[in-house]
Amino acid sequence: MFRYAQGRLPALTRSPARSRRSAGALLPALSLALALLAVPAQAQQPPVSIVRGTILAVEGHDLTLDTKDGATKVALADSTVLTGVNKITLADIKPDAYVGVVSVPASDGVEHAVSIHVFPADQRGTGEGSRPWDRPGSTMTNAAIAQEVTAKDGEMLTLKYGSGEKKVLVTPQTSLVRFEPGATTAELKPGVKVMAFTNGPAEGERQVRRLLVVRGDFIPAL
């Protein structure tokens, strides 16, 4: 099961200082805001619901997922966009990269990055800004990396969006991934972790607009 679907944030612990080169040890509102995260903006899109889970079965266009709410079915459409999610290190995130960062304030008053995902170049500007996310007390910030410095407990990133700015601390617990276009239905097999952006359950069958497909044996904190 996709354990981060349980709604628990990874524990934020303090870690020793390290250089950028040692960052290889690192693991890699909602409604419209989520649509802007994963789906290019379209006029008057209905609200989006997120389903996180591990594929149990594939039957034609239908996927049965093991989620925090039990077995849940979602349906792919001809228009569904599949995106690969690949694990990376902090060294793979280049200056001025356009990223999405889920962060939470820690007891030291610093925003700690729970997860960072790097957008493909053609999605630069997607959902730019900072807004509430679907984790208690968390925010999602889509922005360009303006600066990176070695901090006492990790790497401090300065994120720039429009006239706004946010600083976040990257720790060993931060999940680091890259979104890669071109995922295919051949990758959809039992055991694969996915994150589906769908219509709400009240609208009947959950139709998937975009499906994030995790490549590899890891659990991103998306």
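Along the sequence shown, residues are numbered consecutively beginning with 1.
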Any chance you could lay out the side chain to side chain donor-acceptor pair (under 3.5 Å) test for K166 and T158, step after step, and finish with the verdict?
CA-CA 6 Å; K166 174 177 280 192; T158 300; over 6 Å; no

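- Partner of S115 under the side chain to side chain contact (heavy atoms under 4.5 Å, CB included) criterion, out of V177, V102, V101, V99: V102 alone.
- Under the 30°/60° scheme for interplanar angles, the aromatic rings of Y98 and F119 are found to be tilted.
- Atom CD1 of I93 is separated from atom NE2 of H117 by 10.5 Å, given to the nearest 0.5 angstrom.
- In the hydrophobic clustering of ILVMFWY residues, with side-chain heavy atoms under 4.5 Å counting as a link, V208 and V192 come out together.
- Linking ILVMFWY side-chain heavy atoms closer than 4.5 Å, directly or via other members, places L169 and V104 in two distinct hydrophobic clusters.
- If you take CG on N199 and CZ on R206, they are separated by 7.5 Å, rounding to the nearest 0.5 Å.
- Contact detail for G100 and N142: the closest heavy-atom pair is CA-OD1, 3.3 Å.
- Remark: side-chain polar atoms of E187 are paired, donor with acceptor, to backbone N or O of T184 under 3.5 angstrom.
- I116 and I88 fall within the same hydrophobic cluster, defined by Ile, Leu, Val, Met, Phe, Trp and Tyr side-chain heavy atoms under 4.5 Å apart, directly or through other members.
- Other residues, nucleotides and ligands contribute more than 12 heavy atoms inside 6.0 Å of the CG atom of D122.
- When hydrophobic clusters are built by joining Ile, Leu, Val, Met, Phe, Trp and Tyr residues whose side-chain heavy atoms come closer than 4.5 Å, directly or via intermediates, L159 is not grouped with M156.
- Between T185 and L82 the shortest heavy-atom distance is N-CD2, 3.7 Å.
- Salt-bridge annotation for K167 and E111: absent, with no side-chain N of the basic residue lying under 4.0 Å from a carboxylate O of the acidic one.
- Counting all heavy atoms, side chain and backbone alike, N86 lies closest to F218 at C-CZ, 4.1 Å.
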Using salt bridge (Lys or Arg N to Asp or Glu O under 4.0 Å), reason through D96 and R124 one step at a time and then give a plain yes or no.
CA-CA 10 Å; D96 200 40; R124 189 179 186 85; 2.9 Å; yes

Determine whether V81 and L211 satisfy the following criterion, side chain to side chain contact (heavy atoms under 4.5 Å, CB included), listing intermediate values before the conclusion.
CA-CA 6 Å; V81 177; L211 189 71; over 6 Å; no

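- Residues K160 and A146 share a closest heavy-atom pair of CG-CB, 3.2 Å.
- Checked by atom type, the side-chain pair T198/R209 shows no donor-acceptor distance below 3.5 Å.
- Shown here for P120 and P181, the closest heavy-atom pair between the two residues is CG-CD, 3.9 Å.
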List the steps, then state whether side chain to side chain contact (heavy atoms under 4.5 Å, CB included) holds for L76 with L188.
CA-CA 11 Å; L76 304 181; L188 304 181; 3.6 Å; yes

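- Side-chain contact, T54 with K193: no donor N or O sits under 3.5 Å from an acceptor N or O.
- Distance alone, capped at 3.5 Å, places no donor-acceptor pair between the E155 side chain and the L90 backbone.
- Between atom CD1 of residue I55 and atom OG1 of residue T64 there is a gap of 9.5 Å, rounded to the nearest 0.5 Å.
- For the pairing with F197, the side chain to side chain contact (heavy atoms under 4.5 Å, CB included) check across T83, L212, T80 returns one residue only, L212.
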Could you walk me through whether V85 and F179 pass side chain to side chain contact (heavy atoms under 4.5 Å, CB included), step by step?
CA-CA 5 Å; V85 178; F179 287 176; 4.1 Å; yes

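- At a threshold of 4.0 Å, the pair K87-D92 does not count as salt-bridged, since none of the basic side-chain nitrogens sits closer than that to a carboxylate oxygen.
- Each of L56, V74, T72 was scored for a side chain to side chain contact (heavy atoms under 4.5 Å, CB included) with T67, with one residue passing: T72.
- A salt bridge links E180 and R178; the closest N-O separation between the charged side-chain nitrogens and carboxylate oxygens is under 4.0 Å.
- Atom-to-atom distance recorded for S107:OG and H112:NE2 is 7.0 Å, nearest 0.5 angstrom.
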Worked check of side chain to side chain donor-acceptor pair (under 3.5 Å) between R131 and T139:
CA-CA 5 Å; R131 58 190 64 82; T139 57; over 6 Å; no

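- Hydrophobic clustering of Ile, Leu, Val, Met, Phe, Trp and Tyr side chains at less than 4.5 Å, counting indirect connections, keeps Y161 apart from I145.
- Across all non-hydrogen atoms, the minimal contact from Q207 to A77 is OE1-CB, 3.7 Å.
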